[in-house]
Amino acid sequence: QVQLVESGGGLVQAGGSLRLSCAASGRTFSSYVMGWFRQAPGKEREFVAAINWSGINTYYADSVKGRFTIFRDNAKNTVYLQMNSLKPEDTAVYYCGAGSIATMRDATYSKSYDYWGQGTQVTVSS
């Protein structure tokens, strides 16, 4: 069993930055692929970024590529999402997920994840 707790969300102006954190419990954190998804009101949950167990392989949605960076610290059981050059369309609840996922392509699908956090709100004002 893995429990995930997100933090770091808030209100920021367009062009600003935020860093989200997702702290995991459990001894097997380093074996999981970790991903960030987001869900805006009235929309489906969408993939943002994913990172493999070692941190070497990452994958991003086209909409955030070049602006967001996912990284992890296995010693701290934490995965991060650094968000720069934020836009109003980035406004959403951001969720982190953990899963035993075979490929980074599979990591773009929310159904691939076994565990989810409760989410943290990110609001970008224009």
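What's counted below: heavy atoms across the whole structure, side chains too, no hydrogens, waters or symmetry copies.
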Can you check whether Asp106's main-chain N or O pairs, donor with acceptor, with Thr103's side chain at less than 3.5 Å?
yes

Using side chain to side chain contact (heavy atoms under 4.5 Å, CB included) as the criterion, point out the one residue from Thr69, Ile51, Ile70 that pairs with Leu81.
Ile70

Test Cys22 against Val5 for side-chain contact (heavy atoms from CB on, under 4.5 Å), laying out the working first.
CA-CA 5 Å; Cys22 174; Val5 179; over 6 Å; no

Between Ser112 (side chain only) and Ala107 (backbone N and O only), is there a donor and an acceptor less than 3.5 Å apart?
no

Examine Arg105 relative to Tyr59 and say whether NZ or CZ is less than 6.0 Å from the centre of the six-membered ring and inside a 45° cone about the ring axis.
no

Indicate whether the side chain of Gln121 and that of Thr123 have a donor and an acceptor atom separated by less than 3.5 Å.
yes

Could you please spell out the steps behind the side-chain contact (heavy atoms from CB on, under 4.5 Å) verdict for Ser110 and Gln39?
CA-CA 11 Å; Ser110 60; Gln39 188 166 17; over 6 Å; no

Centroid-centroid under 6.0 Å between Phe68 and Trp36 rings
no

Okay, side chain of Thr78, backbone of Lys76: is any donor-acceptor separation there less than 3.5 Å?
yes

pair Gln118-Glu6: side-chain heavy atoms closer than 4.5 Å
yes

Test the Arg45-Trp116 pair against the cation-pi criterion, namely NZ or CZ under 6.0 angstrom from the six-membered ring centroid and within 45° of the ring axis.
yes

Closest heavy-atom pair and its distance - Val79, Met34:
CG1-CE, 3.8 Å

Euclidean distance, Glu44 CD relative to Arg38 CZ, rounded to 0.5 Å:
14.0 Å

Identified ring pair (Phe, Tyr, Trp, His ring centres under 6.0 Å) partner of Phe37 from the options Tyr109, Phe47, Tyr95, Tyr94:
Phe47

Side chain of Asn52, backbone of Ile56: donor and acceptor closer than 3.5 Å?
yes

Shortest non-hydrogen contact from Thr28 toward Ser31:
O-OG, 2.6 Å

I'd like to know if Lys87 and Asp90 make a salt bridge, using a cut-off of under 4.0 Å between side-chain N and carboxylate O.
no

Compare every heavy atom of Leu4 with every heavy atom of Ala24, then report the nearest pair and how far apart it is.
CB-CD2, 3.5 Å

So does Asn74 get a backbone contact from the side chain of Ser30, meaning a donor-acceptor N/O pair under 3.5 Å?
no

Connected via hydrophobic side-chain network under 4.5 Å: Met104 and Tyr113
yes

Spell out, yes or no, whether Tyr80 and Phe29 are grouped together once hydrophobic residues are joined by side-chain heavy atoms under 4.5 Å, including indirect joins.
no

Between Arg67 and Tyr60, does a side-chain contact (heavy atoms from CB on, under 4.5 Å) hold up when you go through it step by step?
CA-CA 10 Å; Arg67 299 188 298 122; Tyr60 296 93; over 6 Å; no

Is Arg72 close enough and on-axis enough to Tyr32, meaning under 6.0 Å and within 45°, for cation-pi?
no

For a quick test of your reading: what N or O donor-acceptor pairs under 3.5 Å do the side chains of residues 7-20 make, sequence neighbours left out?
residue	atom	partner	partner atom	Å
Ser17	OG	Asn84	OD1	2.9
Arg19	NE	Gln82	OE1	2.7
Arg19	NH2	Gln82	OE1	3.2

